[in-house]
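Reminder, nothing fancy here: chain letters follow the sequence lines and each chain counts from 1.
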Protein chains: 2
Amino acid sequence: MRRTGLLAQLIQNLCCLPGVGPKTAQRMAFQLLQRDRQNAKNLAETLLKAVNEIGFCQSCRIFTEQAVCDICQDNSRDTSSICVVESSADVWVVEQAAVFKGHYFVLHGRLSPLDGIGPDELGLAQFEQRLAHGQIKELILATNSTVEGEATAFYIAELARKHQVKAYRIAHGVPMGGELEFIDSGTLAHALNGRQQI
Amino acid sequence: MRRTGLLAQLIQNLCCLPGVGPKTAQRMAFQLLQRDRQNAKNLAETLLKAVNEIGFCQSCRIFTEQAVCDICQDNSRDTSSICVVESSADVWVVEQAAVFKGHYFVLHGRLSPLDGIGPDELGLAQFEQRLAHGQIKELILATNSTVEGEATAFYIAELARKHQVKAYRIAHGVPMGGELEFIDSGTLAHALNGRQQI
């Protein structure tokens, strides 16, 4: 069959989802059309609304449909402590740990000169102004533990030092419940170097 | 973070896709919003259009946005030979094999009394009228080789016999390029019983 028409177009468009190839997209399209039209309609409408309405929080750059996100609006939170993360998903993860009660700053990426991602793309110019303002006392750098993530953390730590703000890196080591036998040597080296007196 | 708002709703709605759980849905939502807004918009619009416009072909019940599908409109195809399949996806697969030049009939399911799917749900009442009409000379039953698929094929074969139409079941046996060593015994039994003289 000539794969033309709306169905083929739908399958092709579903392929833009991460981890979805032509076969999965086809399965999705048939399932949506055959059994799930109401859900499919809801999904389409929500997606359209999300694309049009969700932007960045003016203050912390998290995804939100409001001008300022719920976290930044929450008066009970500590405005002097900022946790810097790479993505909005990371904010959710940190919030689930429920030990951090400050504000966030979302980079939406990491420094990667080869991909053309510099400090400006991560909103760091705007962030440096806030550091210069003097309201921020503590910076917790929770970027990922990759080469780019470490480089980004190091860059922001330098910014913090320039403006006399204390910067901390989250601890790297053996995960809770992890067995030493299965830990890679890089992590173990970090865990040994970062040992704390008990 | 309280998972409320448009983003949480989007993630929840993405979970209606087959094989997509909350984690995957979250990854999809962030990817679409972060890097792929234009594609996300296209997807939403196509999906909405597909849900509203795609229906069944009047003649063969394949998914199409037209009243009669391309295959049924194609005058070069043999109207006296009908291949019966379970889903629109199966039509695409049979078309790719490029040996069948007749028309199709899509059941959109299989007989499954426990799920309340009887002959009427599969459009077989309408199909029996066509059989009675006498234009169909040959029926190829290409339902899946499952218990329900076999039962459905058997039911349709009975209908065909009633109206003096020849019904054929597609051959089951060892797949091309398959090694005997790895073939299950059920398939091998089929292959031996269906042996053909060379």
Taking all non-hydrogen atoms of both residues, which atom of [X] and which atom of [Y] are closest, and how far apart?
X	Y	answer
A:Gly109	B:Gln34	N-NE2, 4.3 Å
A:Arg37	B:Ala50	NH1-O, 4.1 Å
A:Glu65	B:Gly5	OE2-CA, 3.5 Å

To the closest 0.5 Å, what do you measure between [atom1] ([X]) and [atom2] ([Y])?
X	Y	atom1	atom2	answer
A:Leu33	B:Ser87	CG	OG	12.0 Å
A:Leu17	B:Thr24	CG	OG1	11.0 Å
B:Arg35	A:His108	CZ	NE2	11.5 Å

Cluster check [X], [Y]: I/L/V/M/F/W/Y, side chain < 4.5 angstrom:
X	Y	result
B:Leu107	B:Ile136	yes
B:Ile117	B:Val84	yes
B:Ile156	B:Val106	no
A:Leu141	A:Val85	no
B:Leu159	B:Tyr168	no

*Could you go step by step and tell me if B:Lys41 and A:Asn52 meet the side chain to side chain contact (heavy atoms under 4.5 Å, CB included) rule?*
CA-CA 8 Å; B:Lys41 208 174 159 197; A:Asn52 288 331; 4.2 Å; yes
*What do you reckon, is CD of A:Gln73 surrounded by more than 12 foreign heavy atoms closer than 6.0 Å?*
yes
*asked:* Around atom CD of B:Gln12, are there more than 12 heavy atoms from other residues, nucleotides or ligands closer than 6.0 Å?
replied: no
_Option in A:Thr46, A:Thr64, A:Val93, A:Val20 with maximal non-hydrogen atom pairs under 4.5 Å from chain B_ = A:Thr46
*Tell me, for B:Gln31 versus chain A, whether the close heavy atoms (under 4.5 Å) come from the side chain, the backbone, both or neither.*
side chain
_Between B:Val94 and chain A, with a heavy-atom cut-off of 4.5 Å, which part of the residue counts as in contact: side chain, backbone, both or neither?_
neither
Any side-chain heavy-atom pair of [X] and [Y] under 4.5 Å:
X	Y	result
B:Trp92	A:Ile11	yes
A:Ile54	B:Leu7	yes
B:Phe63	A:Leu10	no

*Applying side chain to side chain contact (heavy atoms under 4.5 Å, CB included), run through B:Val51 and A:Gln38 and close with a yes or a no.*
CA-CA 8 Å; B:Val51 168; A:Gln38 189 51 50; over 6 Å; no
_Worked verdict on A:Glu45 versus B:Leu47 for side chain to side chain contact (heavy atoms under 4.5 Å, CB included)_ = CA-CA 9 Å; A:Glu45 282 164 357; B:Leu47 185 53; over 6 Å; no
*Under 4.5 Å heavy-atom distance to chain B, tell me which part of A:Leu32 shows up: side chain, backbone, both or neither.*
side chain
*Engaged part of A:Asp36 at the chain B interface, taking heavy atoms whose separation is under 4.5 Å*: side chain
*Determine, stepwise, if the pair B:Phe30 / A:Ser88 fulfils side chain to side chain contact (heavy atoms under 4.5 Å, CB included).*
CA-CA 8 Å; B:Phe30 283 121; A:Ser88 292; 3.2 Å; yes
